[in-house]
Every structure is written in C-alpha cells, then in structure tokens.
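Below: the structure, in structure tokens.
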Protein chains: 2
Amino acid sequence: MAEAATTDGGAADEAAFLAAYDPRDYEPVAVTVDVVALTIRPLDTAATSSAAVKPAATTTESAADDAVPALHVLLVRRGQAPFAGRWALPGGFIRATVGPDGSRVEEDLDQAAVRELAEETGLAASLDRRAADRRLGRVYLEQLATYGTPGRDPRMRIISVAYLAFAPDLPDPTAGGDAAAAAWVPVASVDRAEMAFDHARILADGLERASSKLEYTPLATAFVAPEFTITELREVYETVWGQPLHAPNFHRKVLSAPGFVEDTGATTARGGARGGRRARLYRAGSARLLHPALLRPAQEEAQ
Amino acid sequence: MAEAATTDGGAADEAAFLAAYDPRDYEPVAVTVDVVALTIRPLDTAATSSAAVKPAATTTESAADDAVPALHVLLVRRGQAPFAGRWALPGGFIRATVGPDGSRVEEDLDQAAVRELAEETGLAASLDRRAADRRLGRVYLEQLATYGTPGRDPRMRIISVAYLAFAPDLPDPTAGGDAAAAAWVPVASVDRAEMAFDHARILADGLERASSKLEYTPLATAFVAPEFTITELREVYETVWGQPLHAPNFHRKVLSAPGFVEDTGATTARGGARGGRRARLYRAGSARLLHPALLRPAQEEAQ
DNA sequence: GCAATAGTGTCTTTAAGACACTATCCC
DNA sequence: GGGATAGTGTCTTAAAGACACTATTGC
C-alpha cells in the first residue's frame with residue numbers, strides 16, 4: 001500500500017496495472033433507470049367534450065381559459081409481460097455506446113435518465129453540463145432513489161435508479177418519439193394498484209419529493225413558462241399540493257423571498273377572459289434555496 | 001396485453017411463463033453498497049496524551065468530562081489497489097446467499113448496507129423489519145444516493161448505492177469484526193482530497209443530508225444514549241452543524257416541538273464535574289417530523 | 001461562598017395567516 | 001357600470017433570537 005500512497009492520485013495510471021475484479025467476488029446485476037416526469041397541464045376535457053365545437057381562440061393561447069390545471073405524470077403502457085397492459089414509468093436499461101475510436105463508452109446514470117425521457121417525449125436531449133443540474137431543454141432532472149428489492153421484477157434481479165423530472169407543459173408524447181403508448185396521465189386518475197412493478201411506490205416517493213422541494217427551493221418555476229405571473233406560480237403550488245392557497249399572502253411571500261422571482265417590468269398583454277387587471281410578469285431568480293421557505297399548510301393530524 | 005390486465009396482480013404466476021430478458025438487451029453491472037456511518041464521540045486525545053496516567057473515574061462514565069465531542073465517520077484503509085493506502089467508506093458488493101432449500105436468495109439493498117456496517121463494526125445485525133426504518137441495534141439507516149459515473153472505479157463499471165447511518169457512540173471497530181483497518185475518524189481531520197474513488201463526494205453529500213435531517217426530524221436522538229439531557233442533544237446539533245447554539249433558546253425549542261422528546265421524570269445522578277445543577281433526562285418521543293423545525297442559523301452569504 | 005451548569009422570563013423582530021380594501025381591466 | 005382579476009394595508013398570532021435572570025449543584 002505504500003507505493004500507492006506516495007504516487008498521488010494516479011488512479012488512471014494504476015488502472016493499466018490492475019487486474020479486473022475476480023468475477024467470483026460479485027454478481028452482475030441489470031440496472032435500469034426509471035423517470036417520474038411531472039408536468040402541469042389543463043385537464044384534457046377536449047377529448048370527451050366540445051373541443052371541436054368550441055371556436056378556436058384568436059390568440060395564441062390554445063388552451064381554454066377555464067381549463068383546470070392538473071398535475072400529470074408521463075406513463076407508458078406496457079406492451080409485453082410482465083404487467084402487460086399496465087401503466088409503467090418510462091425507463092430502460094442503462095447502455096453502453098461504442099465510441100468513434102471503437103472503444104466502449106459507458107453511459108452515466110444522469111445521461112440515461114435524460115435519454116429515456118427524450119425518447120418518450122420526442123424532445124431532443126440537450127444536456128447542459130455546465131449547470132449543476134441536468135436539463136433536457138427546460139426540464140429539470142434530479143435523482144430520486146434506488147429500488148432494488150429482490151423480486152420487484154418477476155423475471156430477474158433488477159436494480160432501478162429512479163429520477164424525478166419537473167417540466168413545463170410539454171407536447172403529447174405521441175407527437176414524436178418512438179413510444180406510441182406513452183401519455184401524460186393526470187396523477188389523480190392513476191390507478192396506483194394497477195401499476196406495473198413497484199412503480200406506484202416510486203411515483204408516490206416522487207410526488208412527496210416534489211411537494212417537499214416546492215417548499216424550500218424555487219423549483220416551481222420549472223413548471224411554468226420562462227415568464228410567468230404570480231398567479232401562475234400559485235397554481236403550481238395549489239396543483240402539486242392539492243389545496244387552495246391564500247392568494248394575497250402567497251403574493252407577498254413569493255416577493256419577500258430574495259432571488260425567487262425577478263420582475264421583468266412587463267405585464268400580460270391583457271387581463272382575464274372575463275375582465276380583470278393585467279398581471280405583472282416575472283422570471284425565475286437566481287436563488288437555489290428559499291428564505292423564508294413557503295411551507296405547506298399544516299396537515300390536520302389525528303391527535 | 002389483454003390477458004394480463006384481466007388476471008389480477010399475478011406477477012408471481014406470470015413469472016413461470018416468462019423467458020428471461022434477452023441478455024443482449026442489457027449489460028450486467030457490478031453493484032456495491034457504501035455506507036457513510038456517522039457518530040459523535042470525544043476527540044481521541046487519549047492516544048496522544050495522558051489517558052493511562054489519569055486515574056479512572058469512579059462512575060461508569062469512562063470518557064473524560066472535558067473531552068470535546070466531535071463528529072466521526074467510519075472509514076477503512078484500503079489494502080490493495082486501486083487507491084491502496086487511502087481512506088474509503090466501508091462497503092462491498094451486494095451478495096446472494098443460498099437458502100436452506102438450495103435456492104438462491106438475493107440480498108436487498110438495505111440488508112446489504114446493514115451487513116456491511118455490521119461487518120466493519122463487529123456489531124450483530126438486528127434488522128427490525130417492523131419499523132419503517134432499518135436499524136442495526138440502535139443505528140438508524142437510510143438510503144443516501146446512487147453514484148454511477150463511468151470511471152469512478154478505474155477497473156470496471158461499478159454502480160454504488162450509498163447509505164447514511166446515524167449511530168450513538170459505538171465501540172472502536174478494531175474491537176471486533178474482520179476489518180482491522182477500520183476506524184472512526186474525526187470528520188474535520190479527513191483529508192478529502194486523499195479519499196479513494198468518489199468517496200469524498202459521497203461523504204460530503206452524507207454530511208449535508210445529516211445536517212438537513214437534524215432540522216426537520218428528531219434524528220439527533222439517534223446520536224445519543226436512550227436517555228439524554230437537553231444539553232447532550234444540543235451538543236449533537238452543535239457538532240454536526242459546526243457552530244454553537246444559544247442554549248436557553250435551544251432548550252425551549254426542543255420542548256416546544258411536540259413529540260420530539262419525552263420527560264422521563266429522572267435527572268442525572270450528579271451535576272457537572274466542576275459543579276452545576278442536575279439535568280433532567282429525556283427519551284426520544286414519537287414524532288417523525290418536527291413542528292416547528294429547528295432551522296440552522298442563517299448562513300452569511302455573499303450578497 | 002463561589003463557580004459552573006440547568007432552566008425560566010420577557011422583550012424585540014420576523015414570519016404566517018386572516019380579512020378588508022384598493023387598482024385595473026374586459027365587456 | 002359591473003364583474004373579474006391583481007395587488008396592498010393592517011391586524012393577530014406564532015416563532016426566532018437576544019438578554020437578563022433564577023435554580024441547583026459540587027467543591
């Protein structure tokens with residue numbers, strides 16, 4: 001051990017002299033990456049109601065103004081056993097690619113998550129390696145947890161690294177990509193008991209993490225357009241937390257947290273559809289943490 | 001897909017009819033579990049000062065009363081390349097055991113973490129499966145994050161699931177177990193640049209998680225004996241956060257958080273070594289979250 | 001008595017929450 | 001004008017933080 005301690009940090013140098021681990025010392029495992037991708041979009045009442053009947057709005061706002069925003073999760077319907085026909089989180093095995101010089105290039109876990117999300121949504125992956133966080137276009141991505149209980153896949157031992165993604169309203173996945181069976185599903189209408197594998201548990205963990213992150217980070221801004229109103233921001237909180245918030249107090253709390261939002265000076269082009277004042281437009285500020293935090297209203301617990 | 005949707009939840013039944021995944025679809029990866037085990041113990045000045053000279057205290061308190069408590073992390077000194085001679089987190093490959101009926105039994109990730117910790121500390125593992133959390137004796141354990149960047153081990157692709165453990169003052173690892181090179185090292189004196197693999201990063205993530213968890217959970221009680229004084233609890237916070245706290249206010253804040261601590265009615269047998277009132281003894285309460293939280297003093301940031 | 005340690009009283013400042021109110025816009 | 005939406009004023013309560021003070025113990 002003495003020689004290694006004196007040659008400083010020569011991990012790459014050492015590698016050439018190292019034999020591989022004895023294959024008897026470990027057992028190879030299949031590793032997958034699953035993504036809990038969340039977005040906020042209007043409930044799709046169009047498919048069941050009068051979308052074609054309603055005259056199209058003259059503005060660029062295609063969504064109905066009276067649409068109810070709801071939290072959606074990206075799910076794929078499995079085409080094969082096990083759990084064929086059930087909803088599952090998008091994901092897949094981590095890969096290795098063959099580089100231009102013929103060498104094998106292993107895929108980073110974060111890269112795999114970005115790739116899976118891009119494949120399902122049809123969006124081009126644009127990994128911003130300068131930022132501390134991984135971004136797919138305007139999608140924020142972070143690691144959630146790893147699930148490896150034996151038997152979670154009935155066929156073989158699979159360890160799954162789950163990621164959590166926050167996205168502004170994205171196009172329907174069927175518009176592009178290769179996952180014809182993928183869709184944004186309202187979280188409230190997901191039948192958790194019918195989900196494949198342990199994905200209901202992963203989804204629940206992702207939702208709890210998302211709710212928690214809204215409290216002490218400015219991540220709510222990842223769900224809205226680059227310029228947004230305080231009301232739009234409040235709707236993010238109300239949608240994720242599932243309860244209405246006091247609008248005047250929310251307004252003040254957002255503006256009192258330094259670096260949360262930044263005034264653009266502009267306002268919306270017009271007020272609400274049925275009248276109302278124009279709203280000031282903000283963009284995301286530079287803070288990474290909120291001080292003071294926006295705590296969830298205290299839950300009523302059984303005393 | 002229809003038949004699977006109609007037979008309810010028959011994952012185990014399906015398994016018998018399933019072929020294994022095509023080995024070309026995935027690449028097997030070696031998975032390890034690493035543990036960031038933290039404890040609070042007096043700085044070991046005994047080895048360099050007058051431990052043998054000082055007359056032993058007549059009480060059961062063997063530690064010197066004027067010893068400075070410090071945060072320690074369990075590390076092992078690597079005996080072989082790569083990174084031979086460097087400090088590393090305890091850990092190892094996940095295993096499979098052969099059950100009594102000859103069948104292979106895969107190891108859960110949590111189990112692997114408990115086993116690694118038990119092997120290094122020489123403590124018997126006693127997994128309490130009824131509790132939501134895994135406990136090794138009085139050790140609290142939770143998953144931290146997963147690290148899988150290619151090249152983090154120079155020999156082969158290894159994905160490591162890191163765990164975070166909180167423990168009351170444990171015996172020195174050399175007292176038992178098979179890891180002769182393991183030791184509790186004061187966190188402040190760890191040379192992060194000299195640590196093996198990406199373990200410095202994992203340690204940093206673990207320390208941040210620990211600091212954060214103290215704020216909104218009662219986990220500080222995992223660092224102290226089953227019965228403890230408010231002052232001992234405050235020393236946990238001061239040690240982990242690395243800054244002194246206002247004792248009178250801390251006292252009130254702890255008692256005002258419902259379910260944090262529970263009065264035993266007893267007091268310490270005697271006051272401080274140099275005089276002082278006897279302290280009331282408390283045990284951990286039933287709360288899982290603290291309301292209100294004990295927030296870290298605001299950091300002075302560059303404005 | 002005196003130093004040391006544990007614990008309480010109370011005041012100021014900050015933040016949370018509720019309610020009333022003003023400002024501006026579309027029709 | 002009138003309804004709708006955005007935003008402000010202000011009061012009450014809770015919590016954070018600072019300081020002075022009391023209580024109890026070992027020596």
Listed pairs, N/O of protein and of nucleotides 11-16 of chain C, under 3.5 Å:
| residue | atom | partner | partner atom | Å |
| --- | --- | --- | --- | --- |
| C:dA16 | OP1 | A:Ala293 | O | 3.2 |

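- Listed by chain and residue number, nothing satisfies the side-chain hydrogen bond (donor to acceptor under 3.5 Å, both in side chains) test with A:Lys253 (two or more places apart in sequence, or in another chain).
- Residue B:Arg252 places a side-chain atom within donor-acceptor reach of the base of C:dG9, judged by atom type and a 3.5 Å distance cut-off alone.
- Phosphate contact (OP1/OP2 of D:dA6, side-chain N/O of A:His251, threshold under 4.0 Å): absent.
- Residue pairs meeting the ring pair (Phe, Tyr, Trp, His ring centres under 6.0 Å) criterion with at least one member in residues 244-290 of chain B, sequence neighbours excluded, are B:Tyr237-B:Phe250.
- Residues passing the side-chain contact (heavy atoms from CB on, under 4.5 Å) test with A:Ala167, sequence neighbours excluded: A:Thr39, A:Val139, A:Leu170.
- Comparing atom distances between the A:Arg270 side chain and each of D:dT8, C:dA6, C:dC26 picks out C:dC26 as nearest.
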Would you be so kind as to tabulate the donor-acceptor pairs closer than 3.5 Å made by side chains of residues 261-269 of chain A, with sequence neighbours excluded?
| residue | atom | partner | partner atom | Å |
| --- | --- | --- | --- | --- |
| A:Glu262 | OE2 | A:Arg283 | NE | 2.9 |
| A:Asp263 | OD1 | A:Gly265 | N | 2.8 |
| A:Asp263 | OD2 | A:Arg280 | NH1 | 3.1 |
| A:Thr264 | OG1 | A:Ala266 | N | 3.1 |
| A:Thr264 | OG1 | A:Leu281 | O | 2.8 |
| A:Thr268 | OG1 | A:Arg270 | O | 3.2 |
| A:Thr268 | OG1 | A:Ala279 | N | 3.0 |

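- Partners of A:His199 according to the ring pair (Phe, Tyr, Trp, His ring centres under 6.0 Å) rule, which considers only residues two or more places apart in sequence or in another chain, are A:Phe197.
- Each end of the helix from C:dG1-D:dC27 to C:dC27-D:dG1 gets its own axis, taken as the rotation carrying the C1' atoms of four end pairs onto the next four within a five-pair window, and the two axes meet at 0° to the nearest 10 degrees.
- Considering only residues two or more places apart in sequence or on other chains, A:Arg277 meets the side-chain hydrogen bond (donor to acceptor under 3.5 Å, both in side chains) condition with none of them.
- What separates CZ of B:Phe250 from P of C:dT5 is a distance of 17 Å, to the nearest Å.
- In this entry the distance linking CG of A:Asn249 with C1' of D:dC11 reads 12 Å, nearest Å.
- Counting only residues at least two apart or in different chains, side chain to side chain donor-acceptor pair (under 3.5 Å) contacts with residues 214-227 of chain A comprise A:Glu215-A:Arg296.
- For A:Ser189, the side-chain contact (heavy atoms from CB on, under 4.5 Å) partners are A:Val185, A:Pro186, not counting sequence neighbours.
- Residues A:Leu117 and A:Leu74 are in side-chain contact: their nearest non-hydrogen atoms beyond the backbone lie under 4.5 Å apart.
- Checking B:Gly271 against B:Ala247, the closest nucleotide of DNA chain C that is more toward the 5' end is the one next to B:Gly271.
- Residues satisfying the side-chain hydrogen bond (donor to acceptor under 3.5 Å, both in side chains) criterion with A:Arg41, sequence neighbours excluded, are A:Asp169, A:Asp172.
- Protein atom CD1 of B:Ile230 is 18 Å distant from nucleotide atom P of D:dT24, rounded to whole Å.
- With hydrogens and angles disregarded, a donor-acceptor distance shorter than 3.5 Å links the side chain of B:Glu232 to the backbone of B:Thr229.
- Going from atom CG of B:Leu245 over to atom C1' of D:dG17 covers 12 Å, rounded to whole Å.
- Candidate nucleotides D:dA18, C:dA6, C:dG17 were compared by shortest atom distance to the side chain of B:His246, and D:dA18 ranks first.
- Of the residues in residues 276-284 of chain B, those with a non-hydrogen atom less than 4.0 angstrom from any atom of DNA chain D are B:Gly276, B:Arg277, B:Arg278.
- As rounded to whole Å, 7 Å separates atom P of D:dA6 from atom CZ of A:Arg234.
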